[in-house]
Amino acid sequence: MRDFCYKCFRPKDSCVCEVLKPFDPGIKFVFLMHPKEAKRQRTGTGRIAHAGLIDSEIIMGIDFTKNERLCGLLQDPQYFPVLLYPDQNAWNSKKEGFKEELNGRKLLAIIIDSTWFCSKKMIKLSTNIMALPKLSFSGEYRSIFTFKREPHPECVSTIETCYYLIREFQESGLIEKASNPESLMDAFKMMIKFQLQKENDRIAGLLPNTHANDYKFTKKKEIPDFN
């Protein structure tokens with residue numbers, strides 16, 4: 001059995017904590033994690049983001065309508081709760097009136113952390129989070145998570161979502177610029193390079209097949225240097 005790091009929840013031989021520098025982003029992030037994401041996902045980035053973001057939380061479940069912890073946070077007057085969701089009428093850091101809507105409250109950013117298939121069920125059942133104001137990006141981004149399929153090119157991973165949101169809020173003057181979120185991306189890039197190297201090693205016969213779909217992947221992939 002492999003030893004795990006209980007900070008980033010990755011196997012110790014692929015731990016990213018050496019480059020992950022926890023910081024207070026000025027935003028409270030809450031990751032709603034599907035149980036399957038918690039138990040089965042090898043490359044999920046929610047736990048890495050949580051390890052790097054001070055005061056962030058992971059809440060596991062499927063239907064959050066009556067989740068005591070989440071409902072308590074949503075009713076706390078110090079927060080302005082939003083759901084990260086690409087809605088046509090979503091707020092963003094540059095949208096007129098958003099600063100006034102915040103009214104001095106701390107942003108409570110709710111992120112659904114799951115596969116796209118499982119997210120649909122969570123959204124359908126959790127009527128309390130779908131009733132929240134929606135928040136999206138003011139800019140357009142493309143994920144560097146190239147070895148994982150996304151339903152649309154503009155879809156980014158959980159850790160990238162946190163990074164870009166923090167950057168946009170810093171640039172708009174909605175949170176302090178003192179905290180540097182770059183270690184989130186450093187950890188993400190380290191994880192990507194590790195996963196690609198292991199896949200190439202498996203294809204080269206240096207490692208055994210360990211997953212049912214490994215036979216489908218026989219072409220080695222280029223490992224980016226991210227310079």
Item to check | Short side-chain to backbone donor-acceptor contact, Ser143 and Phe145, under 3.5 Å | outcome: yes
Checklist entry - Under a single-linkage definition using a 4.5 Å side-chain heavy-atom cutoff for Ile, Leu, Val, Met, Phe, Trp and Tyr, are Phe80 and Met130 assigned to the same hydrophobic cluster? => result no
Checklist entry - Which heavy-atom pair separates Met122 from Ser114 by the least distance, and what is that distance? => result SD-CB, 3.8 Å
Checklist entry - Could you state the interatomic distance from SG (Cys118) to NZ (Lys120), rounded to the nearest 0.5 Å? => result 10.5 Å
Item to check | Spacing of Ile62 atom CD1 and Ser126 atom OG [to the nearest 0.5 Å] | outcome: 9.0 Å
Checklist entry - Should Arg142 and Glu160 count as an ion pair when the cut-off is N to O under 4.0 Å? => result no
Checklist entry - Would you say the side chain of Leu135 lies within less than 4.5 Å of the side chain of Pro133, judging by non-hydrogen atoms? => result no
Item to check | Glu176, CD atom: more than 12 neighbouring heavy atoms under 6.0 Å | outcome: no
Checklist entry - Measuring from Gln170:CD to Ser93:OG, what's the distance to the nearest 0.5 Å? => result 11.0 Å
Item to check | Single hit among Lys219, Lys220, Lys193, Lys221 for salt bridge (charged side-chain N to carboxylate O under 4.0 Å, His left out) with Glu199 | outcome: Lys221
Checklist entry - Does one hydrophobic cluster hold both Phe29 and Leu70, with members joined at side-chain heavy-atom distances below 4.5 Å? => result no
Next on the checklist: With a 6.0 Å cut-off (strictly less than), is the heavy-atom count around NZ of Lys21, excluding the residue itself, greater than 12?
Outcome noted: no
Item to check | Distance (rounded to the nearest 0.5 Å) between Ile59 CD1 and Phe31 CZ | outcome: 11.0 Å
Checklist entry - Any idea which heavy atoms bring Gly26 and Ile175 closest together, and the distance? => result O-CG2, 3.7 Å
Checklist outcome for this item: All heavy atoms of Asp113 vs all of Gly46, minimum pair found to be OD2-CA, 3.5 Å
Item to check | Which residues share a ring pair (Phe, Tyr, Trp, His ring centres under 6.0 Å) with Tyr164, sequence neighbours left out | outcome: Tyr141
Item to check | Main-chain N/O of Leu132 paired with Lys134 side-chain donor or acceptor, under 3.5 Å | outcome: yes
Checklist entry - Do the side chains of Tyr163 and Ile192 join up, straight or via other hydrophobic residues, at under 4.5 Å, putting them in one cluster? => result yes
Checklist entry - So, are Lys28 and Glu57 salt-bridged, with charged N and O less than 4.0 Å apart? => result yes
Checklist entry - Can you check side-chain contact (heavy atoms from CB on, under 4.5 Å) on Leu174 and Phe98, steps first, answer last? => result CA-CA 10 Å; Leu174 296 173; Phe98 184 54; 3.9 Å; yes
Item to check | Least distance between heavy atoms, Met33 atom then Arg47 atom | outcome: CE-CG, 3.9 Å
Next on the checklist: Quick check on Tyr85: does its OH atom have over 12 non-hydrogen neighbours (other residues, nucleotides or ligands) under 6.0 Å away?
Outcome noted: no
Next on the checklist: A side-chain contact here means heavy atoms from C-beta on lying under 4.5 Å apart; do Asp76 and Leu108 qualify?
Outcome noted: no
Next on the checklist: Would a single hydrophobic cluster contain both Leu73 and Ile58, if residues Ile, Leu, Val, Met, Phe, Trp and Tyr are joined by side-chain heavy-atom contacts under 4.5 Å?
Outcome noted: no
Checklist entry - Yes or no on side-chain contact (heavy atoms from CB on, under 4.5 Å) for Met191 and Gln195, after CA distance, side-chain angles and deciding distance? => result CA-CA 6 Å; Met191 185 269 284; Gln195 292 294 142; 3.7 Å; yes
Checklist entry - Checking salt bridge (charged side-chain N to carboxylate O under 4.0 Å, His left out) for the pair Glu182/Arg167: CA distance, chi angles, key distance, verdict? => result CA-CA 10 Å; Glu182 290 301 324; Arg167 278 301 189 205; 2.8 Å; yes
Next on the checklist: Closer than 3.5 angstrom, by distance alone: can the side chain of Ser172 be matched with the main-chain N or O of Phe169 as a donor-acceptor pair?
Outcome noted: no
Checklist entry - Can you check whether Phe137 reaches Asn92 side chain to side chain, under 4.5 Å on heavy atoms? => result no
Checklist entry - Is there a donor-acceptor pair closer than 3.5 Å between any side-chain N or O of Ser179 and the backbone N or O of Asp24? => result yes
Item to check | Closest contact, heavy atoms only, Thr65 versus Leu125 | outcome: OG1-O, 3.0 Å
Checklist entry - Can you find a pair of side-chain heavy atoms, one from Cys71 and one from Asn128, that are under 4.5 Å apart? => result yes
Next on the checklist: Less than 4.5 Å apart, side chain to side chain, heavy atoms only: is that true for Lys106 and Asp55?
Outcome noted: yes
Item to check | From CD1 (Ile129) to CZ (Phe64), nearest 0.5 Å | outcome: 7.0 Å
Checklist entry - Is the backbone N or O of Ile223 less than 3.5 Å from a side-chain atom of Gln197, with the two atoms forming a donor-acceptor pair by type? => result no
Checklist entry - According to a 4.5 Å side-chain heavy-atom criterion applied to Ile, Leu, Val, Met, Phe, Trp and Tyr, with indirect links allowed, do Met190 and Leu184 form part of one hydrophobic cluster? => result yes
Checklist entry - Below 4.5 Å, heavy atoms only, C-beta onward: do Phe23 and Asn180 meet side chain to side chain? => result no
Item to check | Minimum heavy-atom distance between Gly52 and Leu20, given as atom pair plus value | outcome: N-CD2, 3.8 Å
Item to check | Spacing of Thr158 atom OG1 and Ile112 atom CD1 [to the nearest 0.5 Å] | outcome: 10.0 Å
Checklist entry - Mind checking what makes salt bridge (Lys or Arg N to Asp or Glu O under 4.0 Å) contact with Arg105, not counting sequence neighbours? => result none
Checklist entry - So, do Phe188 and Ile144 sit near enough that their side-chain heavy atoms are less than 4.5 Å apart? => result yes
Next on the checklist: Could you check whether any side-chain heavy atom of Ile111 comes within less than 4.5 Å of a side-chain heavy atom of Cys162, counting everything from C-beta outward?
Outcome noted: yes
